[in-house]
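The figures that follow rest on heavy atoms only: side chains count, while hydrogens, waters and symmetry mates do not. Within every chain, numbering begins at 1; the chains are lettered A, B, ... in the order of the sequence lines, protein sequences first and strands thereafter.
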2 protein chains.
Amino acid sequence: MRDRDGGLTMAPGRVGDVRRRNLALVLGCIGPDTRATRADIAAATGLTKASVSSLVSELLETGLVEELGVTRAGERGRPGVGLALSSRPVALGAELNVDYLAVGAVDLHGNLHFHEVAEAPNRGRAPREVLGELSGLAARCASAAMDAGMTLLGGGLAVPGLVDPARGVVLAAPNLEWRDASLSPALGELAPEAPFGVALSNEADSAALAELWYGHGSAFGAYLYVSGEVGVGGGLVMGSKLFAGPGGHAGEVGHVVVEPGGRRCSCGGRGCLETVAGQEAILAAAGITDGGSTTAARMAALQAALEAGDAQAITAVERAGHYLGIAVVSAARVVDLSAVVLGGHFAALSGWIRPALLSSLDGFAPGVIAQEAVAFSELGTTAALRGAAGAALRRALAAPYALLA
Amino acid sequence: MRDRDGGLTMAPGRVGDVRRRNLALVLGCIGPDTRATRADIAAATGLTKASVSSLVSELLETGLVEELGVTRAGERGRPGVGLALSSRPVALGAELNVDYLAVGAVDLHGNLHFHEVAEAPNRGRAPREVLGELSGLAARCASAAMDAGMTLLGGGLAVPGLVDPARGVVLAAPNLEWRDASLSPALGELAPEAPFGVALSNEADSAALAELWYGHGSAFGAYLYVSGEVGVGGGLVMGSKLFAGPGGHAGEVGHVVVEPGGRRCSCGGRGCLETVAGQEAILAAAGITDGGSTTAARMAALQAALEAGDAQAITAVERAGHYLGIAVVSAARVVDLSAVVLGGHFAALSGWIRPALLSSLDGFAPGVIAQEAVAFSELGTTAALRGAAGAALRRALAAPYALLA
DNA sequence: CCCATATAGTTCAGGACACATACTAATTCT
DNA sequence: AGAATTAGTATGTGTCCTGAACTATATGGG
């Protein structure tokens with residue numbers, strides 16, 4: 001049953017909810033380095049010092065928070081005890097992509113540890129086999145973390161495709177040639193002991209969140225992330241969270257119509273952004289048909305051509321930037337955004353894409369997206385992995401009571 | 001200060017919050033006709049019968065809920081007492097538009113009472129003067145409601161322009177030629193006694209919500225509402241609420257780029273939907289330059305031309321439908337929607353627009369928006385007013401404790 | 001007609017938790 | 001050294017949900 005506002009908030013409010021909420025609230029005031037004291041938190045939240053004390057002592061029990069010892073000499077009065085997020089709890093981040101597998105452990109300070117990448121031709125390979133290999137990497141990473149005295153809270157696995165996070169199923173991953181692949185048993189084995197489990201996510205969504213937490217997004221608060229890969233994906237971040245949309249697939253700018261008279265798209269539509277700004281489309285327009293059999297190798301050849309000043313290559317990339325601008329404007333209009341972060345090959349080609357994109361934005365919607373609000377990702381291939389791990393960390397921070405006896 | 005999830009939930013959870021939440025929760029189980037009993041509610045919410053009894057008795061005090069007397073004979077056991085939303089509380093809905101003013105009172109069953117429309121040439125008129133006239137209408141409506149034994153909870157005023165609801169300011173209403181007009185003192189006078197005050201809203205947003213609560217939207221749950229007026233506005237409804245976006249102006253499909261090589265738009269951009277599907281654009285393409293000085297009169301002439309089978313008029317409208325489809329597809333892709341409701345002149349021209357729109361949707365994004373998911377508004381000119389009143393009613397239902405001593 | 005059974009709703013003790021107030025602790029200013 | 005100032009803790013009170021016992025009102029079988 002749904003309440004009148006449509007939220008699934010049919011659960012009754014119990015007395016204990018207040019404490020749970022306040023635990024998360026207090027934890028939210030404690031940053032990696034803020035050295036907030038109990039008194040600061042009381043002032044910030046409006047809770048009494050008594051309540052904060054009691055809440056903090058429970059948070060200390062969870063291991064998420066540490067006391068830093070007496071802080072701030074020089075002012076009058078008894079000095080407070082600084083509180084900060086511990087750097088011992090970590091989450092496992094993993095990415096399963098067409099050409100490689102990657103894992104790493106991210107702590108609450110945002111540091112990436114034990115990062116490891118393994119090349120692997122996963123296209124068309126059986127999910128079981130791929131996950132077996134990933135499992136080995138994850139186990140190494142997890143045991144290295146254990147040896148370093150860290151504790152594993154949870155994990156996240158990002159894949160290039162449509163997922164159902166609740167059931168742990170990859171609905172469709174065309175570039176892997178997977179359909180309806182249930183990863184949920186394998187996810188459990190990636191981090192068996194982790195209290196918050198391992199969640200499945202879309203790679204573009206995870207990268208979008210990584211940008212928010214560890215990259216450029218933090219400066220914006222609300223933005224569209226566009227990830228250029230073989231396809232063109234995207235994620236919408238607003239109010240410091242991913243906006244999934246009613247069906248869970250919001251932010252798919254790859255199939256916004258940017259050229260009504262344009263080519264057919266694999267989605268069945270026509271004139272989609274992907275048909276003019278996807279990797280294959282750019283390569284074709286640039287006339288790069290050789291340079292290696294894989295798309296990645298040919299992208300490298302494109303880069304070389306651009307650096308050599310090849311006119312056809314430059315035109316091809318500028319054209320992509322132009323159409324990218326149209327899609328961004330349309331998205332900005334629909335959801336009222338004013339910033340974009342570009343990742344994947346758009347980031348790699350930023351030098352050539354940026355001017356075309358800016359002039360397109362200015363031509364189609366002057367003033368909507370400022371120059372400073374166009375950012376290019378610097379997280380590279382760690383983005384998805386960091387985002388997946390970050391999401392797991394935030395699940396823990398949102399439910400600290402789950403760590404209490 | 002914001003917590004880690006970005007919500008402005010920095011307010012501490014207090015013990016009393018539980019009750020407030022549960023009051024709204026229980027109220028959410030009581031519909032206009034559901035005849036839910038206390039026992040039903042206990043079962044549905046998970047609250048104990050004791051708690052529900054206590055909560056219900058407070059809700060009865062607010063006057064929002066009524067006991068219908070003993071219900072359900074024929075089954076074993078003591079019969080329960082049916083509960084339903086009272087039809088005495090109402091909210092005032094008002095619309096201030098270019099050509100007319102309208103008011104009405106909407107009750108919790110969704111019935112519109114004392115609806116009154118007054119033609120008024122408001123373009124370029126001073127806000128004070130217009131609101132004075134509106135005030136007279138509102139007073140008549142309110143006193144009629146009082147005489148009928150109703151109580152006024154709150155109200156809403158919808159205007160065709162960008163608003164800041166929090167401050168009660170019309171930021172820009174080009175068709176009224178208003179800029180930065182503060183209506184907040186006048187809003188207070190529209191319903192001085194109403195405990196929930198009078199809120200200012202955008203007309204398209206209100207119409208979008210009216211569709212959700214009193215029209216086609218209830219069948220969809222999530223949809224894009226596109227309102228064709230002089231300009232083309234819109235509202236995004238998801239999760240049974242209006243999605244405002246980070247800046248508060250989401251759903252503005254009027255300026256989605258649908259024709260990259262197209263005409264300049266008043267917004268400074270190029271190829272916007274409004275330049276091909278706004279009233280002026282359609283009229284110009286249809287070759288209708290006479291038929292009266294006002295746009296409304298010329299739209300009537302267009303209608304006549306269409307009915308007479310005028311080829312140029314038909315082509316013009318079909319062209320608008322074609323481009324409307326492109327904008328809808330782009331919006332659907334960005335926020336993952338699968339339904340549209342069309343209002344304003346799009347609804348008036350539905351017979352001619354519908355086929356063109358459907359074929360456009362099918363061409364650009366087959367399968368994304370099904371035929372059954374394209375609806376045309378039937379609320380006509382009461383839409384904005386009903387939406388504004390409905391929002392006021394829902395504010396009351398969300399905060400029933402505000403009505404208690 | 002009376003009693004078993006079933007369901008609706010109320011009363012009351014118990015527990016969780018935030019709050020207010022008063023207290024102790026630790027530091028700086030004079 | 002003592003006053004002033006700020007941090008953090010201890011204790012009693014009020015709110016409100018829970019659970020169990022209780023009352024109220026219906027049906028159905030003997």
Side-chain angles (χ1 to χ4, degrees), chain A residues 9-26 29-30 34-60 65 67-84 400-401 404-405, chain B residues 9-26 29-30 34-61 65 67-83 400-401 404-405:
Chain A
T9 51
M10 219 49 192
R14 294 184 230 135
V15 176
D17 294 347
V18 178
R19 186 141 192 103
R20 280 201 263 280
R21 184 192 147 114
N22 284 336
L23 267 178
L25 181 71
V26 167
C29 294
I30 302 175
T34 47
R35 301 182 76 84
T37 67
R38 291 167 175 78
D40 295 337
I41 295 171
T45 57
L47 289 161
T48 60
K49 288 188 295 175
S51 303
V52 173
S53 262
S54 151
L55 291 161
V56 164
S57 76
E58 270 185 317
L59 289 175
L60 289 170
V65 170
E67 288 192 327
L68 296 175
V70 167
T71 183
R72 200 216 55 207
E75 283 173 50
R76 208 132 134 174
R78 169 175 167 181
V81 179
L83 297 165
Y401 47 85
L404 294 170
Chain B
T9 50
M10 218 52 192
R14 295 184 229 135
V15 176
D17 293 349
V18 177
R19 185 138 192 105
R20 280 200 261 281
R21 184 191 148 114
N22 285 336
L23 267 177
L25 182 71
V26 168
C29 295
I30 302 175
T34 48
R35 301 182 78 83
T37 66
R38 290 167 177 77
D40 294 338
I41 296 171
T45 59
L47 289 161
T48 61
K49 289 188 295 173
S51 302
V52 172
S53 263
S54 151
L55 291 161
V56 165
S57 75
E58 269 186 317
L59 289 175
L60 289 170
E61 265 180 57
V65 169
E67 289 192 325
L68 296 176
V70 166
T71 183
R72 198 216 57 205
E75 284 174 49
R76 211 131 134 171
R78 172 175 165 181
V81 178
L83 297 166
Y401 47 85
L404 295 170

Exercise. Between the main-chain N or O of B/Ile41 and the side-chain N or O of B/Thr45, is there a donor-acceptor pair closer than 3.5 Å?
Worked result: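 Here the side-chain-to-backbone pair exists.
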Report task. Kindly say whether, by distance alone, the side chain of B/Arg78 makes a donor-acceptor pair under 3.5 Å with the base of C/dA8? Result -> yes
Between [atom2] on [N] and [atom1] on [X], what's the gap in Å once rounded to a whole number?
X: B/Asp17; N: D/dC17; atom1: CG; atom2: P; result: 11 Å
X: B/Glu58; N: D/dC17; atom1: CD; atom2: C1'; result: 13 Å
X: B/Leu68; N: C/dG9; atom1: CG; atom2: P; result: 12 Å
X: B/Leu25; N: D/dC16; atom1: CG; atom2: C1'; result: 15 Å
X: A/Leu83; N: D/dG8; atom1: CG; atom2: C1'; result: 11 Å

Check: Is any NZ, NE, NH1 or NH2 atom of the basic residue among A/Arg38 and A/Glu67 found under 4.0 Å from an Asp or Glu carboxylate oxygen of the other?
Finding: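 Yes.
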- request: Considering only NZ, NE, NH1 and NH2 on the basic side and carboxylate oxygens on the acidic side, decide whether A/Asp17 and A/Arg14 come within less than 4.0 Å.
  value: no
Between B/Val56 and the options B/Val26, B/Thr37, B/Leu23, the side-chain contact (heavy atoms from CB on, under 4.5 Å) test singles out B/Val26
query = Heavy atoms, side chains only, cut-off 4.5 Å: are B/Leu68 and B/Leu83 in contact?
reply = no
- request: For A/Ser54 and A/Ser51, test the side chains for any donor-to-acceptor distance below 3.5 angstrom and give the result as yes or no.
  value: no
Nucleotide by nucleotide, nucleotides 16-22 of chain C touches protein heavy atoms under 4.0 Å in the pattern (B base, S sugar-phosphate only, - none) BBSSB--
- [ ] Under 4.0 Å between any heavy atoms, over every strand shown, what does B/Val81 touch: base, sugar-phosphate, or nothing? Just pick one.
- [x]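 If one applies the 4.0 Å heavy-atom cut-off, B/Val81 turns out to touch the sugar-phosphate alone, with no base involved.
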